[in-house]
Amino acid sequence: MLAGSVRPLRRLVRQAGKIAERPIRLIDAWADVAEAAPGDVLALEAPLAAGFRVPEQGATVIAAADLFGPEAAVTGAARAILPMGEVDLRPGDVAVDRDHGLCVFEGLEPVSAPGAAQDGEPSEALRLRFAGDAILMVPVTQADRIWRYGSEPDAVTLDKLDGGTWPRRRLEAEATMARTARLMLEAARARRETEAPVLAPPAREMERFAAGFGFAPTPDQAAAVDALMADLASGRPMDRLVCGDVGFGKTEVALRALAAAIFSGRQAALIAPTTVLARQHAETLRRRFGRFGVEVAQLSRLVAPAEAKRVKAGLADGSIRLVVGTHALAGSGVAFADLGLTVIDEEQRFGAKMKADLRRLADGGHVLTLTATPIPRTLQAALVGLQSLSVLATPPALRQPVRTVVAPFDAEAVREALVREHRRGGQSFVVCPRIEDIGPMAERLRALVPGLDILVAHGDLKPSAMDEVMVRFAEGDGDVLLATAIVESGLDVPRANTMLVWEAARFGLAQLHQLRGRVGRGQRRGTVHLLSDPAAWASPGSGAGRRASRPTCGPTGR
């Protein structure tokens, strides 16, 4: 017995009947099942999410959702979905008709035409609306010429059914595709033909450097390091994207690449989007390269003019071999004697023009890009082969998944979360979407947890003051950091294991993913509370202040 929404069901009945070479009878009620003879195949419209068996009655029910997926269980023409094998369209979707252009799919309709009926049943057609409310009915047998466009109706201009706009659009699109293909081929050919310095560091030095990591690299880290070492020694420019979840070890992969460049006698640069992250990277590099006698210079807006002048001169004459900085490294007056490797961290925070300027630093040399949430353009470039790709999907051995709780703001729950983290010797983040939310939230927190030291950081502070607060917090000073989303970029605070995000719906998914990565970076499990206005959780009969939470866990290790 088959069950599902009526229109896909009728089509399924016809198709299944032809395949099985036996009649399938449409019924109107479950009572008709009891009257059926053994071996009968029945079809009934019913809102079932999954099929089931009734052994004592000798009946097996197969739901439409079992065949078409969960959404096929929704009945009614307003939510009808064309079945698999034809096209995935819902009423109201913008679609493209191969011959007529952009239109709106308004649903399936039965049509009666001479010769169209089969077994006494009318056939079905797709109702497409074009500009000027012109309607075109397309038989489902021709659904292969229609596909979903993927935009909102208000965001596109529909084509006229009998106009000339669609042929022009097709020609322009085909010309653009051809031009893009030529550019991609030229870029790939230029990459193959361009020579780059061969970086082949001494194995002993690399082993000594790797020993300073203190942890066994994950299989994905080891594979990424092997791939980039092969790239550096290939004699062709490396352009590799290392994409991995927050806290999965992208920085260590970058450190190995920097070490390879330095031990090969070339200069190397690590570029970060914020001064705080650049400062943290500089401290990490000084710890790892200190015993090798390598000076780690820093260049950003916080560097004193005299020191910046010295660093620029050292980069130009080659006396400074390793530098960490912000986009200031792409500024005027910065030149390298023999730059062998450029590493761009958190690439999603840089604009396209800035990334182009940073890549020009390499001047045909090696480029390594790191990100947890790549922008579509970067990810597409990697997937089509314009960039090499390494994925870090294995969490560190001691990493625990971050627990995420979605709930309305509840004063007692907030106080309990902050106090609990303080009692176990940790720190907490409280993140607000807007600067104007910081003041009211600070007053709330001081009333809830008067005994905790609350630091505040946001974009209206002077850059030096904001960076000082964030660095102090990262070094363990303060119990709570109240800030905007400026904390999302790579800030490493090992003691921070709790985060409260106010009005979480105002953040993008990539932002929330990056924010979650700021906690639980040590051996303790982190918890993120995504908070909203309690009024938004009110429901009839429940009261506006009802507390509700949905704890979930993210990917393994984060």
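- For Ala457, the side-chain contact (heavy atoms from CB on, under 4.5 Å) criterion is met by Met466, Val469, Met470, Leu481, Ala483, Ile486, not counting sequence neighbours.
- Residues passing the salt bridge (charged side-chain N to carboxylate O under 4.0 Å, His left out) test with Lys462, sequence neighbours excluded: none.
- Under the 4.5 Å side-chain criterion, counting only non-hydrogen atoms from C-beta, Arg288 is not in contact with Leu285.
- The pair Arg472-Glu468 does not meet the salt-bridge criterion, since no charged nitrogen lies less than 4.0 angstrom from a carboxylate oxygen.
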Next on the checklist: Please determine whether side-chain hydrogen bond (donor to acceptor under 3.5 Å, both in side chains) holds for the pair Glu503 and Ser532, giving the CA-CA distance in whole Å, both sets of side-chain angles, and the decisive distance to 0.1 Å.
Outcome noted: CA-CA 5 Å; Glu503 292 286 9; Ser532 61; over 6 Å; no
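- Residue pairs that meet the side-chain hydrogen bond (donor to acceptor under 3.5 Å, both in side chains) test with at least one member in residues 431-443, sequence neighbours left out, are Arg434-Asp437.
- The only option from Val367, Asp239, Leu379 that meets the side-chain contact (heavy atoms from CB on, under 4.5 Å) definition with Gln387 turns out to be Asp239.
- Screening Ile271, Leu277, Leu370, Thr371 for a side-chain contact (heavy atoms from CB on, under 4.5 Å) involving Glu346 leaves a single residue, Leu277.
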Next on the checklist: If you apply the rule side-chain hydrogen bond (donor to acceptor under 3.5 Å, both in side chains), what do you find for Thr326 with Arg301, and how did you get there?
Outcome noted: CA-CA 8 Å; Thr326 59; Arg301 67 187 180 193; over 6 Å; no
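- With sequence neighbours excluded, no residue forms a salt bridge (charged side-chain N to carboxylate O under 4.0 Å, His left out) with Asp226.
- Residue pairs satisfying the side-chain hydrogen bond (donor to acceptor under 3.5 Å, both in side chains) criterion with at least one member in residues 201-214, sequence neighbours excluded, are listed as follows: Glu205-Arg208.
- Remark: Glu186 does not engage Arg182 in a salt bridge, criterion side-chain N to carboxylate O under 4.0 Å.
- The backbone N or O of Pro374 lies less than 3.5 Å from no partner atom in the side chain of Thr378, so there is not a single donor-acceptor pair.
- For Arg266, the salt bridge (charged side-chain N to carboxylate O under 4.0 Å, His left out) criterion is met by Asp338, not counting sequence neighbours.
- In this structure, Glu347 pairs ionically with Lys355, as a charged nitrogen and a carboxylate oxygen lie closer than 4.0 Å.
- A side-chain contact (heavy atoms from CB on, under 4.5 Å) with Leu322 is found for exactly one of Val294, Leu315, Leu270, namely Val294.
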